[in-house]
Amino acid sequence: MHAHLQCTDRRALGLALAAIASVLALPPGQAQTSSPRALEVPARTVPVPNTVSPEMQALVGAPLSPNWNAVPQSAEEWKAVATPGRGGNLPALRERFGVTSEPITVNGVRAYMVTPKVIPPENRNRLLVHVHGGCYVLGGGESATTEAIYMAGFGHFKVLSVDYRRPPDFSYPAALDDGIAVWKGALKMAEPKNMAIFGTSAGGALTLSMVLRAKQEGLPLPGAIAPGTPMSDLTRTGDSFYTNFMVDNVLVGSDGRCDAMARLYANGRDLKDPMLSPVYGDMHGFPPAILTTGTRDLLLSNTVRVHRKLRQAGVVAELQVYEGQSHAHYMRDSNAPETREAFEEIAHFFDRHLGK
């Protein structure tokens with residue numbers, strides 16, 4: 001027994017000395033700077049959660065978007081993709097939510113004023129500016145006002161929806177320029193403390209970039225913002241680009257169709273430019289913010305990192321993470337109770353932080 005213990009001790013000592021020797025044999029500093037090993041994840045099945053509504057279960061259980069990595073190859077194909085939809089369901093949606101929509105021009109930019117038929121007294125001097133999503137290319141026209149209709153209907157706010165210029169005809173900074181032009185026009189319609197800016201996906205990123213640009217130009221800032229699952233980092237940096245790859249059934253993965261659209265918008269500019277990837281911007285002095293995402297969202301990390309950046313800058317910021325949801329699922333079915341919940345959370349946040 002004693003001999004066996006001595007043998008075991010000698011073996012352990014030998015292994016320890018070998019490990020030390022291998023570290024000492026490395027070039028100076030390499031042991032400290034080597035990257036941690038990546039986690040190998042086995043193939044797995046991800047069930048649809050039974051803790052969400054039937055409407056949301058249908059969205060969560062839908063197949064992966066079939067065209068997530070179908071990238072247009074010609075100018076004609078890009079123009080076809082960028083053509084605004086007809087928005088055939090919008091009249092019924094507006095009727096259901098009790099709102100009207102009027103096309104207007106603000107500082108030379110096309111927009112739509114979405115107005116509830118009944119506006120409560122506390123909201124009569126308030127105005128929201130909406131920036132639609134669509135990876136900077138999709139949407140446009142009246143078909144891009146769905147989110148504005150939800151916000152006007154659920155929150156009972158007047159909403160000014162920006163119909164910004166989009167690629168392939170107009171690259172950066174056209175969309176941001178249009179957003180700022182409308183913001184300057186909105187400053188003549190209401191007090192800045194009574195206004196908020198909101199949007200989802202590319203619209204969430206533009207919301208953040210508009211605040212950065214307004215700070216840069218010395219413009220008054222809104223009283224609150226609501227960037228939903230923002231495309232806040234176009235460099236594909238973030239944990240959820242890996243953890244939610246092929247789990248998010250909307251965006252599905254990075255380096256696909258949406259990333260190609262973002263690069264088309266950037267038009268060769270450094271993707272770390274804060275006006276394109278606002279997570280790299282200075283967020284000190286930002287207005288209170290509410291951010292929305294889901295556990296399966298490919299841009300979960302983009303949203304979380306913005307939230308942490310805001311909190312590190314001392315900004316009041318709330319992070320809403322919804323069970324099972326992929327990218328922007330909270331606005332993809334007007335009948336889902338999660339849709340009402342998400343927009344009412346935003347509306348309550350605005351009510352707490354906007355002037356009257």
Side-chain angles (χ1 to χ4, degrees), residues 65 67-68 71-72 78 81-85 109-111 129-141 143-148 150-151 161-180 182-183 197-213 225-238 241 248 250-252 254-267 269 271-281 289 291-294 297-303 305-306 326-332:
S65 174
N67 63 354
W68 74 272
V71 178
W78 275 116
V81 166
T83 301
V109 178
R110 292 179 300 184
V129 175
H130 168 244
V131 197
H132 71 80
C135 302
Y136 294 102
V137 174
L138 304 175
S143 65
T145 61
T146 299
E147 186 178 22
Y150 289 168
M151 197 70 248
S161 184
V162 185
D163 185 12
Y164 56 83
R165 291 168 294 163
R166 296 166 292 113
D169 293 332
F170 302 99
S171 58
Y172 175 87
L176 183 55
D177 285 349
D178 287 354
I180 286 295
V182 171
W183 176 245
I197 303 174
F198 75 101
T200 288
S201 193
L206 284 167
T207 295
L208 296 165
S209 297
M210 283 173 63
V211 177
L212 289 173
R213 175 84 169 267
I225 58 173
T229 177
M231 294 174 64
S232 62
D233 188 346
L234 299 185
T235 70
R236 288 176 278 163
T237 300
F241 282 114
D248 182 325
V250 178
L251 294 178
V252 184
S254 61
D255 202 24
R257 179 184 174 95
C258 190
D259 276 11
M261 293 178 180
R263 288 193 297 272
L264 185 68
Y265 171 65
N267 195 28
R269 196 175 185 90
L271 295 181
K272 273 198 170 183
D273 185 325
M275 295 303 173
L276 289 170
S277 295
V279 74
Y280 297 109
L291 300 102
T292 308
T293 183
D297 188 0
L298 196 71
L299 303 190
L300 172 60
S301 289
N302 270 10
T303 312
R305 290 171 61 215
V306 169
S326 293
H327 185 64
H329 266 171
Y330 60 86
M331 56 169 284
R332 296 188 185 277

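The chain is numbered in sequence order, starting from 1. FYI, side chains are in, hydrogens and waters are out, and symmetry mates aren't considered; it's all heavy atoms of this structure.
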Distance in Å, [X] [atom1] paired with [Y] [atom2], rounded so as to fall on 0.5 Å steps:
X	Y	atom1	atom2	result
Leu206	Met231	CG	CE	9.5 Å
Ser254	Asp248	OG	CG	11.0 Å
Thr83	Arg166	OG1	CZ	8.0 Å

Is a side-chain N or O of [X] found less than 3.5 angstrom from the main chain of [Y], in a donor-acceptor match?
X	Y	answer
Arg305	Thr237	yes
Asp163	Gly140	no
Ser277	Leu271	yes
Asp178	Val109	no

On a heavy-atom basis, which atom in [X] and which in [Y] lie closest, and how many Å separate them?
X	Y	value
Asp255	Asp259	N-OD2, 2.9 Å
Asp233	Phe241	O-CZ, 4.5 Å
Ala82	Pro167	CB-O, 3.4 Å
Thr303	Thr229	OG1-CA, 3.4 Å
Thr235	Lys272	CG2-CG, 3.7 Å
Tyr330	Thr200	OH-OG1, 2.6 Å

Counting C-beta onward and ignoring hydrogens, is there a side-chain heavy-atom pair between [X] and [Y] closer than 4.5 Å?
X	Y	value
His130	Phe198	yes
Arg257	Cys135	no
Met210	Leu176	yes
Ser326	Leu251	no
Leu299	Thr293	no

Point to revise | Arg213 and Asp177 ion-paired at < 4.0 Å | key: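 A salt bridge is present here (some side-chain N lies under 4.0 Å from a carboxylate O).
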Review point. For residues Ser65 and Asn67, is any side-chain donor paired with an opposing acceptor at under 3.5 Å?
Key: yes
Review point. Taking atom types as modelled and ignoring hydrogens, do the side chains of His132 and Ser161 form a donor-acceptor contact shorter than 3.5 angstrom?
Key: no
Point to revise | Worked verdict on Val279 versus Asn302 for side chain to side chain contact (heavy atoms under 4.5 Å, CB included) | key: CA-CA 8 Å; Val279 74; Asn302 270 10; over 6 Å; no
Practice item. Determine, step by step, whether Leu138 and Val81 satisfy the side chain to side chain contact (heavy atoms under 4.5 Å, CB included) criterion, reporting the C-alpha distance in whole Å, the side-chain angles of both residues, the deciding distance to 0.1 Å, and the verdict. Key: CA-CA 7 Å; Leu138 304 175; Val81 166; 3.4 Å; yes
Check your understanding: Hey, is CZ on Arg236 packed in by over 12 heavy atoms from elsewhere, all under 6.0 Å?
Key ->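 Buried by this count: over 12 neighbours within 6.0 Å.
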Review point. Can you tell which of Phe170, Trp78, Tyr136 makes a ring pair (Phe, Tyr, Trp, His ring centres under 6.0 Å) with Tyr265?
Key: Tyr136
